[in-house]
Every structure is written in C-alpha cells, then in structure tokens.
Amino acid sequence: MRLSRFFLPILRETPKEAEIMSHRLMLRAGMIRQESAGIYAWLPLGLRVLNKISAIVREEQNRAGAVELLMPTVQSADLWRESGRYDAYGKEMLRIQDRHDREMLYGPTNEEMITEIFRGYVRSYKDLPLNLYHIQWKFRDEVRPRFGVMRSREFLMKDAYTFDIDQAGARHSYNRMFVAYLRTFARMGLKAIPMRADTGPIGGDLSHEFIILAATGESEVFCHADYLDYDTPAVDTDFDNAEGLQGLVDKWTALYAATSEMHDVSAYEAVPADKKMSARGIEVGHIFYFGTKYSAPMGAKVMGPDGKDHDVHMGSYGIGPSRLIAAIIEASHDENGIIWPESVAPFDIALLNLKAGDAATDEACNRLYRELSAAGRDVLYDDRDERPGGKFATADLIGIPWQVVIGPKGLADGNVELKHRATGDKQVVPLGEVVSRFAKRG
RNA sequence: CGGAGUGUAGCGCAGUCUGGUAGCGCACCACGUUCGGGACGUGGGGGUCGUAGGUUCAAAUCCUAUCACUCCGACCA
C-alpha cells in the first residue's frame, strides 16, 4: 500500500477525552473514530488489525474443533422470552421495534439463538459433541462506556457454544476451548492467565476469565508468578485426547490465580512470598459451562444411547477482538507510539522513502516495494513528499514492526537502514539483501 | 443511575466574570528556501461560537430550556 493513496488520518495532538494510552494511540494513529458514546468507526489501519486478530481467533477455534457460522445482530424478543432473559437482562439490552411494532433487540450475546438453531436440527447424541461459533458485532448499552474500545457499547465478539450429551463431555469441550484460548492469546504476544471465575448458580469449577496483566487494567488480580513462565500448548496438541487436554488444563489451573471478586485471602497466603503477584488485569476472554440453563427451558434435547431424551449440556466461550486491540496496545507501546507484535501488525514493513522525488531513492523504493510485496509481505510504502522526521514519527506511531529506510546518503553506498520497532535496533544492510532478509522470516 | 464538568475552525485552546459583531498554535492551500528524527519565510482559505427560545440598540458573553460528550462512583466481554 502506498501511503499517498491510503487513508491514514493521524493526529499530532491527543484528543482530550482519551485517558488511557491505548485509546490515545488508537485515535492518534487513525485507527478509530468515535461516532457516539461507546460506538466507533474502524478506520483502515484499525480494521487491518481487527481482521488480523479475528483471523488468529478463527484459526485457533477451527484447530480446536469449533465450526464457524454467522448469526444476525438483530434478534426477536420472543426468543429471549423463552429463556426468561428478555425481562431479566435489564437496561443493558438495546430494545428496538420494527415497522410492525414487533419487539426486537440488538443482540448482546447469542445463547438463545444458537440453542434455537441447535434444537431445530440436532436429534441424536451421535451428532455430539458440537461446537458452533461466530464472530459478530454485539451491543450492550453500558451505563458508562469508556477507555475507547476497551469498554465500548458496540464491540466485536467471538462467541462459541458447545453442546454435549453429559457433563463429562461438556468438560472435554470446555477444555478444548481453554487450551485454544491459551494458544490464541500467546500468538498475539500476550501473557494471558486463566483465573477462576464465578459460575453463579451452576457451581463447579468450569468458568475462567483470561486476564492480561496491565497497569491500566480494570480489575485487581492476584496470582502465582510462575504462570508467566509457562509454555504455550503446542501447535500439534491433540484436541481429541481428553486425558491429555485435562492434563494441560490441570497444569494451568493448579496455581493460585483469581480476580478480586473471587479472591481467597487464605489461599493466596499459601503462595510463597517471592511468587505472590498482585496486579491489575484486563479481561480478554471468558469461558464457562452452564449445563442445561438454556437447553431445558428451550427444549434442546437429543436422544441418548439409552433411548431417552436428554437436555444437552452447554457452555459458552467469548473473546473480544476489539477489546483485544486495546489490551495489546496497553501491553506493547512506548513514548513514540504503538509496538505491534508481528502477528497482528497492520503491515509487516514500513518502507520509508526519505527523499521522494529523488530519482535514485524513488527507483530503489519502487523496486523494493514490488519485490517485498511479491515475497508475500504487507508493505506500507511512505512515498509522500514529506520531511524525513515526519516519516519516522509516523512509522513509529503506527507501530509497524520493521522499518526499511531509504535515503540518498545510504543509497550512495548501496545501503539501506533496517530498523526494528520493538527494540530500536538499526542496522545497515545492502539494498540487494533486503528482500532475502524478509523472505527468510516468513 | 448518583456526583462533577465541557461544548468557540480538522485537533489543542483563549475570549464569557465586566455584552460592542471572533482570535492563537498546530493542521490545510500557494510560492520560495529547505530536507537522515515532527524546518523556515511570505501570502491565503476555513467558524450560523452545540441547538432552540428570551432579555437588549447590540449576545460566544446575560437568562431559560434542551441535546451531545467527558470525568469520578456503582455495573460489565
């Protein structure tokens, strides 16, 4: 992409309403624009990151055996009356009427709808287990949206729903998502710690919030420091191996980790002093098992091997890609701007032409732009007629992992400069070697 | 939903107390000099002062209503 033809409305000054760093940087980098309280337009740079994150979520969901579909944003109130939640949900639900005065709502979540879909087709235990998910916009009319996309009213959410014949099956389904989540967040460069969460009236131990530690986190968390050193489950993890998965989950839940709502002071006291970690955290995922809470009232049952009907055991599993963007920025930035992990960066390489209009630099840049693009790299080519300082500042602000800097001075010796955004390391590289350097990294 | 604020050019702000017909910095446009970490000069464009009433010879400024947004608290992916 040539910057001269892209739409990147960066701001030099910080809009006053932005309190936390991720919100400031997203506004300054031209990623989002507020359209209403807690409602944002995604500008091209922001959308690129959002799509990268969704792609990782999708890959890991699929790997764990989940199947993607897409449900609508607008739902019928009648559906929610079946579960009793139409009245129970309260003012957070955005209620609307269509032209026939039918009561509709903008979905805050999809348990009712997925249960309706399930019961319409699935009749036998032989069709289980089943895990269906979608990535769709949700709306929750928060009393006080704030912190940009961290707590917005409209937000993108991946929500998966599992169906099993019994609780043992549901536990395996739960564990699949548990491990998929560990992999998902790790791929985005995040250290997410699963913390025991409130299961409400269902009880049991099958509910976890995945928390990223960050100074600006909304909730106070307490955990054992060893979690930070744990290895991510391998890419070839066998998700059909129930014992193997249980072992992984056991390992990741053995040590103490809880948010303030679930904090158990005496259990925390048992953590060795040098391992005690008290910090603030951002919730980026939440998984839980809720049994037959929706299947029973809504009549989602299947015939079991015993020839009898069974209410299916369900669970739901959420990840907020839009919130994740803010969480990643909170965890990865410096005074100059965002530092994207390579896996979610909007572009792989920023190609800076320090003297647009100069025949030699133009030619070298054009060639590199073509060759890097052909090698499968997403390149943002800053071909604008701007001063070098502005180009450096822009590239740093929007956080592209690598900067290839081409100016007349270096080019006279056949060299370009390669800068790594995260470390600030700069090295001089012969022009002819740039493409091979990046080809290897893929 | 309780409490506190703010709405003046794309962004950040002054002007409001004490009414006299709107200004500064950045950004934007033109020309020139510049050009390896956010240059400088000259000239220029852009605002029904959130909206609606009212008071007044005269309202960004005073009064009333209303809308939007932000912050603190309670609540939440």
Side-chain angles (χ1 to χ4, degrees), chain A residues 9-20 23-24 27-28 30 33-39 57 89-93 107-111 135-160 181 192 197-198 207-212 217-219 259 261 281-288 316-327 335-337 352-358 361 382 384-397 403-413 415-417 419 424 426 428:
Chain A
I10 64 162
L11 306 176
R12 255 176 103 151
E13 291 173 87
T14 305
K16 62 177 174 182
E17 72 270 16
E19 286 287 304
I20 64 171
H23 190 194
R24 291 181 179 184
L27 290 169
R28 286 199 54 213
R33 178 177 178 82
Q34 179 167 323
E35 292 297 341
S36 195
I39 300 177
V57 169
Y89 214 91
K91 289 188 171 179
E92 282 204 345
M93 180 185 281
T109 179
N110 286 67
E111 277 86 3
I135 299 176
Q136 177 63 288
W137 294 94
K138 305 288 193 292
F139 194 94
R140 291 183 192 171
D141 201 357
E142 297 284 344
V143 193
R144 182 146 106 86
R146 60 181 129 174
F147 302 148
V149 298
M150 184 82 84
R151 191 174 315 161
S152 51
R153 294 197 292 172
E154 187 182 55
F155 57 97
L156 189 62
M157 180 164 154
K158 184 286 300 183
D159 39 327
Y181 274 37
D198 191 1
S207 178
H208 288 88
E209 293 179 0
F210 287 76
I211 303 275
I212 305 298
E218 62 215 319
S219 44
T259 59
E261 305 92 68
I282 302 170
E283 180 183 348
V284 291
H286 192 171
I287 62 178
F288 62 101
S316 75
Y317 313 84
I319 292 181
S322 49
R323 164 180 278 198
L324 262 172
I325 294 188
E335 63 280 4
N336 295 321
L352 308 189
N353 184 343
L354 293 193
K355 193 164 184 177
D358 177 275
T361 58
D382 192 344
R384 298 171 304 164
D385 183 16
E386 292 288 332
R387 298 169 58 80
K391 298 197 176 194
F392 290 128
T394 297
D396 285 348
L397 173 64
Q403 295 172 19
V404 175
V405 180
I406 302 187
K409 286 184 188 171
L411 206 55
D413 302 322
N415 293 325
V416 305
E417 184 182 280
K419 178 182 162 184
K426 300 174 186 171
V428 175

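Excluded from the calculations below are hydrogen atoms, water molecules and symmetry mates; all remaining heavy atoms, backbone and side chain alike, are included. Convention: sequence-line order gives letters A, B, ...; per-chain numbering from 1.
Taking atom P in both B:rG7 and B:rG46, one finds a spacing of 25 Å when rounded to whole Å. Atom name C1', nucleotides B:rG45 and B:rC28: the rounded distance is 8 Å, in whole Å. Distance noted for atom C1' between B:rA60 and B:rA52: 16 Å (whole Å). If you take atom C1' in B:rC75 and the same atom in B:rC1, they sit 10 Å apart, rounded to whole Å. For B:rG50 and B:rC17, the P atoms lie 15 Å apart once the distance is rounded to whole Å. Between B:rC31 and B:rG23, the distance separating the two C1' atoms is 26 Å to the nearest Å. With both ends at atom P, the span from B:rU6 to B:rG44 equals 36 Å, rounded to whole Å.
In terms of position along RNA chain B, the nucleotide closest to A:Gly410 lies nearer the 5' end than the nucleotide closest to the other residue of the pair A:Gly410 and A:Gly285. In terms of position on RNA chain B, the residue among A:His286 and A:Val405 whose nearest nucleotide sits closer to the 5' end is A:Val405.
A:Arg28 comes within 4.0 angstrom of a nucleotide base, judged by non-hydrogen atoms across all strands. Residue contacts for A:Leu11: at a heavy-atom cut-off of 4.0 Å it reaches no nucleic acid atom on any strand shown. Residue contacts for A:Pro408: at a heavy-atom cut-off of 4.0 Å it reaches a base atom on one of the strands shown. Backbone-only contact: A:Gly389 has heavy atoms under 4.0 Å from sugar-phosphate atoms and none from a base. Residue-level contact check: A:Ser316 touches neither bases nor backbone, having no heavy atom under 4.0 Å from any strand. Within the 4.0 angstrom heavy-atom criterion, only backbone atoms of the sugar-phosphate kind lie near A:Gln34; the bases stay farther away. A:Lys91 comes within contact range of the sugar-phosphate backbone alone, with a heavy-atom separation under 4.0 Å but no base atom that close. If you check every strand for non-hydrogen atoms under 4.0 Å, A:Lys138 touches nothing. In this structure, A:Gly318 reaches neither bases nor backbone, as no heavy-atom distance under 4.0 Å exists between it and the strands shown. No engagement by A:Lys355 is indicated, since no non-hydrogen atom pair under 4.0 Å with the nucleic acid exists.
Here B:rC40 sits opposite B:rG32 as a Watson-Crick or G-U wobble pair (both hydrogen-bonding atom distances under 3.5 Å).
Residues meeting the ring-ring contact (aromatic ring centres under 6.0 Å, His included) test with A:Phe155, sequence neighbours left out: none. Residues passing the ring-ring contact (aromatic ring centres under 6.0 Å, His included) test with A:Phe392, sequence neighbours excluded: none.
In this entry the distance linking NZ of A:Lys419 with C1' of B:rG37 reads 8 Å, nearest Å. Separating the CD atom of A:Glu19 from the C1' atom of B:rU70 is a distance of 8 Å, rounded to the nearest angstrom. Between the CG atom of A:Asn415 and the P atom of B:rG36 there is a distance of 18 Å, given to the nearest Å. What separates CD of A:Glu142 from C1' of B:rA74 is a distance of 12 Å, to the nearest Å.
A salt bridge between A:Lys419 and A:Asp396 is present, with a side-chain N of the basic residue lying under 4.0 Å from a carboxylate O of the acidic one. Salt bridge annotation for A:Arg323-A:Glu218: present, with a cationic side-chain nitrogen under 4.0 angstrom from a carboxylate oxygen.
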- Sugar-phosphate atoms are those with a prime plus P, OP1 and OP2; base atoms are the rest. Using that split, label each nucleotide of nucleotides 22-29 of chain B B, S or - for protein heavy atoms under 4.0 Å, 5' to 3'. ---B-S--
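Centroid-to-centroid, the aromatic rings of A:His286 and A:Phe288 come within less than 6.0 Å.
Under 3.5 Å, the side chain of A:Arg387 and the base of B:rU34 form at least one donor-acceptor pair of N or O atoms.
The shortest distance between side-chain heavy atoms of A:His23 and A:Met150 does not fall below 4.5 Å.
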- For A:Asp159 and A:Gln136, run side-chain hydrogen bond (donor to acceptor under 3.5 Å, both in side chains): C-alpha distance rounded to whole Å, both residues' side-chain angles, the deciding distance at 0.1 Å, then the answer. CA-CA 8 Å; A:Asp159 39 327; A:Gln136 177 63 288; over 6 Å; no
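Not one N or O on the side chain of A:Thr361 forms a donor-acceptor pair closer than 3.5 Å with the backbone of A:Asn353.
At B:rG38, none of the side-chain N or O atoms of A:Arg384 fall inside 4.0 Å of OP1 or OP2 (strictly under the cut-off).
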